[in-house]
Amino acid sequence: MSAPVIINDPEMGTMEAIVSLPPAPAPAVTTEKHPVLDLTENQSSDEKKLDLLTTTALVAVKKELAPAPKAPAVKKPARKVSRWIRFQLWFNTYRKFFTFVVTLNGIGLLLAALDIWKYPRRYTGAFVLGNLLFAILMRNELFGRMLYLIINTCFAKWTPLWFRLGCTSVLQHLGGIHSGCATSGFAWLIFRVTLIFIDHKDNHDAVLIMGVITNLAVATSILSAFPWVRNTHHNVFERHHRFIGWLGLLSTWVFVVLGDSYDLDTHSWNPDGVHVIRQQDFWFAFGMTVFILIPWFTVREVKVDIEVPSPKVAILRFERGMQQGLLARISRSSIMEYHAFGIISEGVHAKYHYLICGVQGDFTRGLVNDPPTHLWTRQLKFAGVSNTSTLYKRGIRICTGTGLGAALSTCLQSPDWYLIWIGSDQEKTFGPTISGLIHRHLGPERVCLWDSKARGGRPDVMKLVKDAYASWGAEVVFVTSNYQGNKEIMEGCKEAGIPAFGTLWDF
């Protein structure tokens, strides 16, 4: 016989279970307490069995209705990309510039060493300092801003797409010229000091000593800028590249003046300032000094308001608006530990601009744990690849996490750009200021906000990019992500034939 039993369980809720009643009770009655039910001794056998069956039914129902255990997460197999695609991305414009500059200088150096080309043997200093001047010029904020302004003004939208893509690639990879010229200048410097040592009987010891000191300073500055040092030991890179570089500049001046003032024929000093000024290497050294000093004349201590929406992020607010595509360098001191972040601004006439600083090291952790009221910054900002967004009729700006800082201004200031932002718990992590900027200026028709926490994981990024690229009618995609994310998106875009520019780690 079966009868319905009402079960009121705090986890499963109230439910009705069908329980089969036992046949006629046996005459024998057990007095042993049930270990689970702890029945009282005055309960009848039928009541005990009914309670036991009820409990059994409850357990069975719980097991039936309990959610199935989650299957272990299966890692998606890595997408296979052809070696040709990977090589094209590796041998980018940066490495092409570096290869061209070093090869050209290498040929000249070889011809000079073989005494086939006489000019470099006589004016070696000009080749040394000419290369070093170009290396400094490629990293100068003022020179860079002028290049971006000229190209954005003269070639926006009307020129062929391949030409505009080429302009963006050249501007983004000027670091290849910087590295190539610095390396070549060092090679020419070694050649010059070698020639001096060969003719050491005709040269003064002071010239030899300053040549060696200059070599050591330039070598240290170059070695500290290697990608492994720069990316994993930022403070080591900055201290050596900057301060040893300044020492190298000072020793270069002494080396130039001593070398141009010593008469090799009479073995005597000729302190004729006019003669020194007429030499090529003097003006190259002068140019190097000017371009090194210009950015430092714009350093100011400015007020900052810091919002900490979560332990992972600090939102910095500074006064005055900015054009899109710029980056700011900030520090707690006037000359040490400058860190670069993308600028978010609604336009040049806005009241404020913002930086998103994700907690990754001591500096950014200090912004969260001990927020300052003032920071040092260079008022002359430097341009990033997003600054060339004005060249294109329409584009896609995709970023992950704090990469939004380098991407958002482009979409805020231009209705022709579509934003894809992938992050975890975005509104809670980044706070109301950033969310407010997005919701006020970007309609749902030109933004895709993917909250990986709310949606249960990361999206198929390439599907998002391809769909947006086709529906938006875009000409180019700009990417700001971490190393792995950038690599995957750039490979996917290259494979799909979508023009794309990603994050660089060469500055």
Side-chain angles (χ1 to χ4, degrees), residues 94-95 98 102 131-132 135-141 144 173-187 189-190 212-252 288-289 291-296 299 301 312 314 316 327-342 355-370 372 375-378 381-382 384 402-403 405-406 480 482-484 486-487 503-507:
Y94 180 100
R95 288 185 171 87
F98 180 86
V102 171
N131 273 288
L132 295 180
I136 292 168
L137 201 59
M138 293 302 107
R139 286 300 189 218
N140 181 264
E141 286 90 337
H173 295 99
L174 289 174
I177 301 177
H178 168 79
S179 301
C181 286
T183 303
S184 300
F186 178 57
L189 182 59
I190 293 175
V212 173
I213 292 174
T214 304
N215 260 303
L216 291 174
V218 174
T220 303
S221 183
I222 290 175
L223 290 173
S224 68
F226 271 50
W228 178 80
V229 179
R230 188 178 60 239
N231 295 329
T232 59
H233 303 281
H234 180 269
N235 292 342
V236 173
F237 151 70
E238 188 178 32
R239 289 167 187 161
H240 290 77
H241 196 66
R242 176 172 300 153
F243 297 114
I244 302 298
W246 289 351
L247 175 63
L249 177 64
L250 180 62
S251 63
T252 297
M288 289 167 54
T289 306
F291 284 111
I292 285 174
L293 291 178
I294 283 176
W296 292 100
V299 170
E301 187 178 28
K312 299 178 182 178
L316 279 58
L327 295 97
R329 288 188 173 103
I330 59 172
S331 174
R332 285 182 181 259
S333 75
S334 56
I335 62 172
M336 283 290 295
E337 291 191 30
Y338 275 86
H339 299 261
F341 300 92
L355 307 181
I356 298 178
C357 302
V359 175
Q360 293 181 335
D362 293 339
F363 177 78
T364 48
R365 190 176 296 110
L367 296 176
V368 172
N369 297 335
D370 181 25
L375 286 172
W376 290 87
T377 184
R378 297 181 186 180
K381 312 301 181 187
F382 68 100
T402 55
T480 305
N482 56 32
Y483 181 82
Q484 188 60 32
N486 180 81
K487 178 176 178 289
T503 309
L504 293 182
W505 285 269
D506 63 4
F507 54 86

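Between Thr364 and Phe341, some side-chain heavy-atom pair lies under the 4.5 Å cut-off. At least one side-chain heavy atom of Pro372 sits under 4.5 Å from a side-chain heavy atom of Arg332. Using a 4.5 Å heavy-atom cutoff, the side chains of Phe382 and Arg139 are not in contact. Ile335 has its side chain within reach of Phe243: a pair of non-hydrogen atoms, C-beta onward, lies under 4.5 Å apart. Taking the side chain as every heavy atom from C-beta outward, Phe363 and Ile330 approach each other to under 4.5 Å.
At a cut-off of 3.5 Å, with distance as the only test, a side-chain donor of Ser179 or Tyr94 sits close to an acceptor on the other residue.
Here Asp370 pairs with nothing under the salt bridge (Lys or Arg N to Asp or Glu O under 4.0 Å) rule; sequence neighbours left out. In this structure Arg239 satisfies the side chain to side chain donor-acceptor pair (under 3.5 Å) test with no other residue, sequence neighbours excluded. The salt bridge (Lys or Arg N to Asp or Glu O under 4.0 Å) search around Arg378 returns Glu141, not counting sequence neighbours. A search for side chain to side chain donor-acceptor pair (under 3.5 Å) contacts involving Lys381 returns Thr377, not counting sequence neighbours. Under the side chain to side chain donor-acceptor pair (under 3.5 Å) criterion, Thr289 pairs with Trp253, sequence neighbours left out. When the side chain to side chain donor-acceptor pair (under 3.5 Å) test is applied to Arg95, no partner is found at least two apart in sequence or on another chain.
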